[in-house]
**Student:** 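Let me give you the structure first, and then I'll get to my questions.
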Amino acid sequence: MNRVLWQDEVGVPGVIRERPLPTTDELGDRKVLVKVQAWAMNPCDGMLQTTALPFVKYPVILGQDVAGTVEAVAPGSAAASKFRVGDRVFGFTANNGFQDYVPLDYTLMAKIPSADIPYRDAVVFGLCITTSSFSLFGKDYLHLDFPKLGAPKKGKSVLVWGGSSAAGSNAIQMAAGAGYDVITTCSPRNFEYVKGLGAVKAFDYGSPTVVQNVAAELDKGECAGIYMAAGSNAAACQVSAASKQKLFVASSNPIAPTDIPEGVEAKFTFGTGTGAEAFAETLPATFGGYLPEALATGVYKIAPPPQVVNRKGLDGIQEALDTIKARISAVKLVVERS
């Protein structure tokens, strides 16, 4: 049997119930059944527990990021061409992760490239790298060149607003890995953290002159665009308005019309769906290419670093959800299996 943490309605704690494990026939051609060893928390998990959104129907299984071992895969399937039972893996699943055994689409997961990388480290990537890669490399967004090992410098900058966030930490590494000079914003206490990930310059997002200062920095050369990973959509759009260049703004958060000054083009990343097919175009930057390769060579860092909330397994998820509702930065909250 499988244990599942169900969110029955908004405003109540999750409830664990049992249901049968999926059969290999039910896994089909694309799914891999993973026995989860670590779950990562995302702000959206806490938000969906407390806030009703029109596109979410309850009851629902929350949870996006998992790492563990392959338990089953259908023989002869496309998934079986990439994974086999016993593989140590990590991956992303949209609102289906808070289970002991999770079916993952084989294109949105990868083998953990080294035995030296524990599950608690590998689990930090899923949602944040999927989100940031879509904004950076999606054809309808910034459409940057993909990262690759040894990529030459482009001679262009990219602004990542909110660089110490989970999405920002990965956006910095991917954009830098593609050869762009990354400018970012965060609090001063995280300046060294973001520079360690590859940012060439960091600005205090709380400064009253941050918009003017960042725009002036971007205008020293050619900028390829702005990614709003976390923080204020309005501020990121104001940078675009203040720049002498026409800078597209891609945001991880819904953008209010009042946030967009006249003449600025800005777009919310996930307005077009969250299924595996929606992320296919950016797989060369994530699970299907650069991420496992760069992790294996040590080029890509575990970021943000995990902060283990507890080792109670599925029984510890609610405690972690209560914790994620407080503001955090430069860490990823993780629950491990005991």
Side-chain angles (χ1 to χ4, degrees), residues 43 128 131-133 135-137 141-145 147 151 153-269 301 303-304 327-331:
C128 55
T131 302
S132 53
S133 67
S135 297
L136 293 175
F137 309 111
Y141 301 93
L142 298 191
H143 203 194
L144 305 182
D145 292 336
K153 283 289 189 178
K154 301 288 185 187
K156 300 179 182 179
S157 66
V158 172
L159 172 61
V160 175
W161 190 280
S164 63
S165 66
S169 296
N170 285 272
I172 289 171
Q173 294 196 80
M174 286 191 294
Y180 296 91
D181 293 325
V182 181
I183 312 300
T184 193
T185 66
C186 59
S187 65
R189 71 176 182 273
N190 289 322
F191 280 0
E192 292 307 311
Y193 168 73
V194 296
K195 289 177 181 178
L197 298 176
V200 298
K201 198 158 189 176
F203 290 84
D204 178 5
Y205 68 84
S207 167
T209 60
V210 64
V211 168
Q212 293 74 24
N213 294 343
V214 171
E217 181 66 29
L218 299 180
D219 285 342
K220 291 178 180 178
E222 183 180 353
C223 180
I226 298 171
Y227 170 45
M228 209 298 293
S232 170
N233 278 318
C237 290
Q238 287 164 12
V239 170
S240 178
S243 171
K244 298 174 183 177
Q245 305 173 70
K246 186 174 177 63
L247 302 178
F248 184 91
V249 179
S251 176
S252 293
N253 298 323
I255 307 174
T258 53
D259 288 339
I260 308 175
E262 185 177 353
V264 171
E265 187 178 3
K267 193 173 182 181
F268 171 43
T269 305
K301 296 185 179 181
R327 184 176 175 85
I328 61 169
S329 65
V331 295

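Keep in mind it's a predicted model, so treat the numbers as computed, not measured. Residues take their numbers from the sequence shown, with the count starting at 1.
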**Student:** Which heavy atom of G198 sits nearest a heavy atom of V182, and at what distance?
**Tutor:** O-CB, 4.4 Å
**Student:** Once rounded to the nearest 0.5 Å, what's the spacing between atom OH of Y193 and atom SG of C186?
**Tutor:** 10.0 Å
**Student:** Can you measure from OH (Y141) to OG1 (T269) and round to the nearest 0.5 angstrom?
**Tutor:**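 Separation between the atoms: 5.5 Å.
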**Student:** Within this structure, what is the CE-OG distance for the pair M228 and S132, rounded to the nearest 0.5 Å?
**Tutor:** 12.5 Å
**Student:** Using only heavy-atom distances, determine whether the side chains of S251 and Y227 contain a donor-acceptor pair under 3.5 Å.
**Tutor:**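 Side-chain D/A pair, S251 to Y227: absent.
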**Student:** Is a donor on one side and an acceptor on the other found under 3.5 Å between the side chain of N170 and the backbone of A303?
**Tutor:**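 Confirmed, N170 side chain pairs with A303 backbone.
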**Student:** Under a 4.5 Å cut-off applied to non-hydrogen side-chain atoms, are I183 and V158 in contact?
**Tutor:**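 No - every pair of side-chain heavy atoms lies 4.5 Å or more apart.
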**Student:** Main chain of I255, side chain of D259: is a donor-acceptor contact present, judged purely on distance under 3.5 Å?
**Tutor:** no
**Student:** Please determine whether the number of non-hydrogen atoms from other residues, nucleotides or ligands lying under 6.0 Å from atom NZ of K244 exceeds 12.
**Tutor:** no
**Student:** For the OG1 atom of T184 and the NZ atom of K201, what is their distance to the nearest 0.5 Å?
**Tutor:**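 Rounded to the nearest 0.5 Å, the OG1-NZ separation comes to 13.5 Å.
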**Student:** Just wondering, more than 12 heavy atoms not from K156 lying within 6.0 Å of its NZ?
**Tutor:** no
**Student:** Looking at every heavy atom in both A202 and V194, which two are closest together, and how far apart are they?
**Tutor:**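 Here A202 and V194 meet closest at CB-CG2, 3.9 Å.
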**Student:** L144 vs Y180, test: side-chain contact (heavy atoms from CB on, under 4.5 Å). Steps then yes/no.
**Tutor:** CA-CA 9 Å; L144 305 182; Y180 296 91; 3.7 Å; yes
**Student:** With a 4.5 Å heavy-atom cut-off, do C128 and T131 have their side chains touching?
**Tutor:** no
**Student:** Which heavy atom in N233 sits nearest to a heavy atom in P254, and how many Å separate them?
**Tutor:**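 The pair with the smallest heavy-atom distance is ND2-O, 3.0 Å.
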**Student:** Are V249 and K267 close enough that some pair of their side-chain heavy atoms sits under 4.5 Å apart?
**Tutor:**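 Contact flag for V249/K267 side chains = no.
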**Student:** Can you name the nearest heavy-atom pair linking N190 to S164, along with the distance?
**Tutor:**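 Shortest heavy-atom contact: ND2-OG, 3.4 Å.
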**Student:** Could you check whether any side-chain heavy atom of D204 comes within less than 4.5 Å of a side-chain heavy atom of F191, counting everything from C-beta outward?
**Tutor:**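 In short, these two side chains touch, coming nearer than 4.5 Å.
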**Student:** Side chains of F137 and H143: does their closest heavy-atom pair fall under 4.5 Å?
**Tutor:**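 The answer is no; the side chains never approach within 4.5 Å.
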**Student:** Any luck finding a side-chain donor-acceptor pair between D181 and S157 under 3.5 Å?
**Tutor:** no
**Student:** Treating Q212 as the side-chain partner and A242 as the backbone partner, does any N or O pair qualify as donor plus acceptor under 3.5 Å?
**Tutor:**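 No; zero donor-acceptor contacts below 3.5 Å.
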**Student:** Tell me the closest heavy-atom pair linking G163 and I172, and the distance in Å.
**Tutor:**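 Where G163 meets I172 most closely, the heavy atoms are O-CD1, 3.6 Å.
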**Student:** State, yes or no, whether a side-chain contact exists between T185 and V214 at a heavy-atom distance under 4.5 Å.
**Tutor:** yes
**Student:** Can you tell me how far apart CG (L218) and OG (S243) are? Round to the nearest 0.5 Å.
**Tutor:**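 One gets 6.0 Å once the value is rounded to the nearest 0.5 Å.
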**Student:** In Å and rounded to the nearest 0.5 Å, what is the CG to CD distance from L197 to E192?
**Tutor:**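 Here the rounded value is 11.0 Å.
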**Student:** A266 and C237: which non-hydrogen atoms are nearest, and at how many Å?
**Tutor:** CB-SG, 3.9 Å
**Student:** Please determine whether the number of non-hydrogen atoms from other residues, nucleotides or ligands lying under 6.0 Å from atom NZ of K301 exceeds 12.
**Tutor:** no
